[in-house]
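Comments concern the structure below.
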Amino acid sequence: MNQDLSQASAASQPSTWSQRFESALHPAIAQFNASIGFDIQLIEYDLTGSQAHAQMLAHTGIIAAAEGEQLVNGLEQIRQEYRQGLFVPGVEAEDVHFAVERRLTEIVGDVGKKLHTARSRNDQVGTDTRLYLRDQIQHIRQRVRSFQAILLTLAEQHVETLIPGYTHLQRAQPLSLAHHLLAYFEMSQRDWERLGEIYQRVNISPLGSGALAGTTFPIDRHYTAKLLHFGGVYANSLDGVSDRDFAIEFLCAASLIMVHLSRLAEEVILWASEEFGFVTLKDSCSTGSSIMPQKKNPDVPELVRGKTGRVFGHLQGLLVLMKGLPLAYNKDLQEDKEALFDAVVTVQGCLEAMTILLQEGLEFRVARLQAAVNEDFSNATDVADYLAGKGVPFREAYNLVGKVVKTSLAQGKLLKDLTLDEWKTLHPAFESDIYAAIAPAQVVSARNSYGGTGFTQVRQALQNAKATLG
Ligand code: ARG
């Protein structure tokens with residue numbers, strides 16, 4: 001049945017092109033030229049855009065009202081056929097736009113040939129792509145929200161769980177684990193906002209720009225824009241058909257989402273290693289080795305980290321695609337679609353996988369984390385701050401603590417192991433409260449500056465994050 005529909009259409013339409021052409025395309029070139037293999041994904045948007053165009057043609061009297069209705073209904077029938085798997089156009093259709101127009105003419109007869117009045121595939125494909133991306137942006141934003149929600153849930157559970165904080169991947173100062181997780185919440189919040197801003201620029205209608213110069217027909221571009229819920233129309237027809245800034249902006253936003261996911265992925269991979277041991281991977285989200293029976297591999301974050309390069313590649317690809325294009329439409333632009341489609345699928349898949357990973361794929365080893373912050377010199381700044389608080393100039397205190405760390409290391413001791421006498425010999429300002437001051441929980445709690453890791457700050461940040469998610 002599927003094949004029948006498309007073959008019938010191929011047979012009844014000898015060639016796509018005008019009478020100017022005398023012979024058919026070379027089969028390999030037809031294949032090379034065709035985009036139907038991937039732009040079929042745009043079909044629902046193409047149908048919706050064409051329905052709006054047909055309504056506009058009727059509304060402006062360019063075609064009769066009854067004709068407009070026939071076109072709209074015929075397009076709706078194609079939608080049903082497609083959804084039922086009955087409409088499967090092949091390479092002979094070249095692209096989704098031709099495929100739909102041909103099928104429409106089969107369904108409604110000659111009136112189908114009126115659909116393309118006052119329109120070109122150039123403004124049509126721009127419209128379809130924007131309608132598609134608009135929807136995808138909303139889906140991705142929802143996924144970002146789910147990702148933020150699980151970060152928030154975990155953060156709420158781990159306000160007082162301490163984790164070593166790093167700079168240069170060297171132990172720096174201990175942190176509330178919630179603070180660490182909320183850093184990713186903030187990145188994701190920017191991702192969510194950025195997508196919303198980009199949406200505004202995606203949501204502009206190029207329909208009615210024609211091939212490049214507008215049209216001789218008395219069309220109403222604002223009417224189609226309104227039917228399609230666009231926020232505005234392109235002011236310049238050349239720009240309308242050849243602008244792909246919106247796609248590049250989307251790929252930038254997608255790349256940044258991937259940067260954020262990939263950084264977290266990298267941390268999870270480190271944390272799951274024997275050396276760190278900060279998390280345990282659950283069976284539902286990790287895989288084994290085919291040869292080393294002891295292994296449990298962090299495939300999910302590794303794949304996320306790996307797929308990040310693909311999305312960057314699409315951004316780079318589209319930038320390079322655009323840089324040398326003279327106005328207006330050039331066939332090069334057909335190459336924008338696979339980049340967008342793949343980026344959309346990749347970002348959605350990675351957001352979902354990382355959400356599941358956080359939801360049920362890993363467990364923080366709280367005792368191990370606590371032990372880690374107890375066994376290092378990440379409270380050294382606090383000794384210096386302690387002295388500075390007692391009037392010793394900070395740089396002087398800093399130098400002194402540097403010496404203490406050096407001698408303690410040599411003796412295999414930690415700062416908490418020094419006796420009060422030893423402290424006092426180092427500096428008379430030390431008193432017995434030094435031990436409380438350098439205990440990890442106190443070290444974290446004391447960083448109560450706005451946006452810091454102090455528990456009070458973190459609890460406030462949690463409230464804010466909750467309010468953001470509503
Ligand atoms: N399949 C084409 C694309 O994706 C549609 C526009 C073709 N326009 C043209 N003038 N050849 O860009």
Side-chain angles (χ1 to χ4, degrees), residues 148 151-190 260 263-264 267 270-271 276 278-279 364-402 404-405 408 414-418 423 426-427 429-468:
Q148 286 182 294
L151 285 167
L152 182 55
T153 305
L154 282 177
E156 278 178 316
Q157 292 163 12
H158 290 292
V159 174
E160 295 189 13
T161 303
L162 306 188
I163 183 170
Y166 296 82
T167 63
H168 313 269
L169 204 54
Q170 304 286 323
R171 294 274 180 105
Q173 291 165 352
L175 300 168
S176 152
L177 176 53
H179 193 56
H180 195 116
L181 295 167
L182 286 177
Y184 286 102
F185 182 97
E186 291 294 315
M187 296 177 222
S188 302
Q189 180 59 21
R190 288 195 294 278
H260 301 150
R263 293 184 74 180
L264 179 58
E267 294 205 299
L270 287 172
W271 290 345
F276 277 78
F278 292 173
V279 297
F364 284 98
R365 296 174 65 186
V366 176
R368 168 87 189 101
L369 286 165
Q370 184 63 41
V373 295
N374 274 320
E375 286 159 9
D376 64 17
F377 286 89
S378 62
N379 50 3
T381 319
D382 300 82
V383 179
D385 285 355
Y386 175 94
L387 284 180
K390 303 221 165 181
V392 181
F394 179 78
R395 186 56 62 208
E396 200 180 298
Y398 164 92
N399 286 328
L400 183 105
V401 180
V404 183
V405 171
S408 304
L414 293 166
L415 294 175
K416 63 175 185 203
D417 301 328
L418 299 186
W423 283 118
L426 289 160
H427 199 288
F430 282 117
E431 295 178 57
S432 62
D433 59 352
I434 180 62
Y435 295 103
I438 63 171
Q442 173 56 24
V443 163
V444 173
S445 166
R447 292 208 156 66
N448 200 30
S449 53
Y450 179 82
T453 192
F455 300 130
T456 312
Q457 291 300 320
V458 170
R459 290 210 170 85
Q460 184 57 55
L462 278 173
Q463 286 312 314
N464 298 345
K466 247 192 212 160
T468 301

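Keep in mind the model is a prediction, meaning the values are calculated, not measured.
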* To do: Run the numbers on Leu177 and Val159 for side-chain contact (heavy atoms from CB on, under 4.5 Å), then give the verdict.
  => CA-CA 6 Å; Leu177 176 53; Val159 174; over 6 Å; no

* Asked: Under the side-chain hydrogen bond (donor to acceptor under 3.5 Å, both in side chains) criterion, do Glu160 and Ser176 qualify, and how do the steps go?
  -> CA-CA 6 Å; Glu160 295 189 13; Ser176 152; over 6 Å; no

* Asked: Glu267 and His180: side-chain hydrogen bond (donor to acceptor under 3.5 Å, both in side chains), yes or no, with the steps?
  -> CA-CA 11 Å; Glu267 294 205 299; His180 195 116; 2.7 Å; yes

* To do: Evaluate the side-chain contact (heavy atoms from CB on, under 4.5 Å) criterion for residues Gln148 and Leu152: first the C-alpha distance (whole Å), next the side-chain angles of each, then the deciding distance (0.1 Å), finally the verdict.
  => CA-CA 6 Å; Gln148 286 182 294; Leu152 182 55; over 6 Å; no

* Asked: side-chain contact (heavy atoms from CB on, under 4.5 Å) between Leu169 and Leu270: does it pass, once the steps are laid out?
  -> CA-CA 11 Å; Leu169 204 54; Leu270 287 172; 4.2 Å; yes

* Asked: Taking it one step at a time, do Val373 and Ile163 satisfy side-chain contact (heavy atoms from CB on, under 4.5 Å)?
  -> CA-CA 6 Å; Val373 295; Ile163 183 170; 5.7 Å; no

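Between Val443 and Gln173 there is no side-chain heavy-atom pair separated by less than 4.5 Å. At a threshold of 4.5 Å between non-hydrogen side-chain atoms, the residues Pro164 and Pro174 do not count as touching. You'll find the side chain of Leu418 reaches within 4.5 Å of the side chain of Ser408, heavy atoms only.
Atom-to-atom distance recorded for Asp376:CG and Gln170:CD is 11.5 Å, nearest 0.5 angstrom. For the atom pair OH of Tyr450 and OG1 of Thr456, the computed distance is 14.0 Å after rounding to the nearest 0.5 Å. Taken from OH in Tyr166 to CG in Leu175, the straight-line distance is 10.0 Å, to the nearest 0.5 Å. Atom CG in Leu162 sits 8.0 Å away from atom OG1 in Thr453 (nearest 0.5 Å). To the nearest 0.5 Å, atom CD of residue Glu156 and atom CG of residue Leu182 are 9.0 Å apart. Distance check, rounded to the nearest 0.5 Å: CG of Leu369 to CG of Asn374 gives 11.0 Å.
Nearest approach of Ala397 to Ala384, heavy atoms of both residues: CB-O, 3.6 Å. Ser188 approaches Leu151 most closely through the heavy-atom pair OG-CD1, 4.3 Å.
Within 6.0 Å of the CZ atom in Arg171, the count of heavy atoms belonging to other residues, nucleotides or ligands exceeds 12. For NZ of Lys390, the number of neighbouring non-hydrogen atoms (other residues, nucleotides, ligands) closer than 6.0 Å is greater than 12.
Aromatic ring pairs are classed by plane angle as parallel below 30°, tilted from 30° to 60° and perpendicular above 60°; the pair Phe364 and His158 is perpendicular. Note on ring orientation: taking the six-membered ring where Trp is involved, the planes of Phe430 and Tyr386 are parallel (angle under 30°, cut-offs 30° and 60°). Ring planes of Tyr398 and Phe394: tilted class, angle from 30 to 60°.
The salt bridge (Lys or Arg N to Asp or Glu O under 4.0 Å) contacts involving residues 444-455 comprise Asp382-Arg447, Asp385-Arg447, where partners must be two or more places apart or lie in separate chains.
You'll find the ring centres of His260 and Tyr184 outside the 6.0 Å limit.
Asn399 places no side-chain N or O within donor-acceptor distance of the main-chain N or O of Glu396, the cut-off being under 3.5 Å. Of the possible polar contacts, one joining the Gln457 side chain to the Asn448 backbone as a donor-acceptor pair under 3.5 Å is found.
Residues satisfying the salt bridge (Lys or Arg N to Asp or Glu O under 4.0 Å) test with Arg365, not counting sequence neighbours, are none.
Partner of Phe377 under the side-chain contact (heavy atoms from CB on, under 4.5 Å) criterion, out of Val401, Val383, Leu415, Val404: Leu415 alone.
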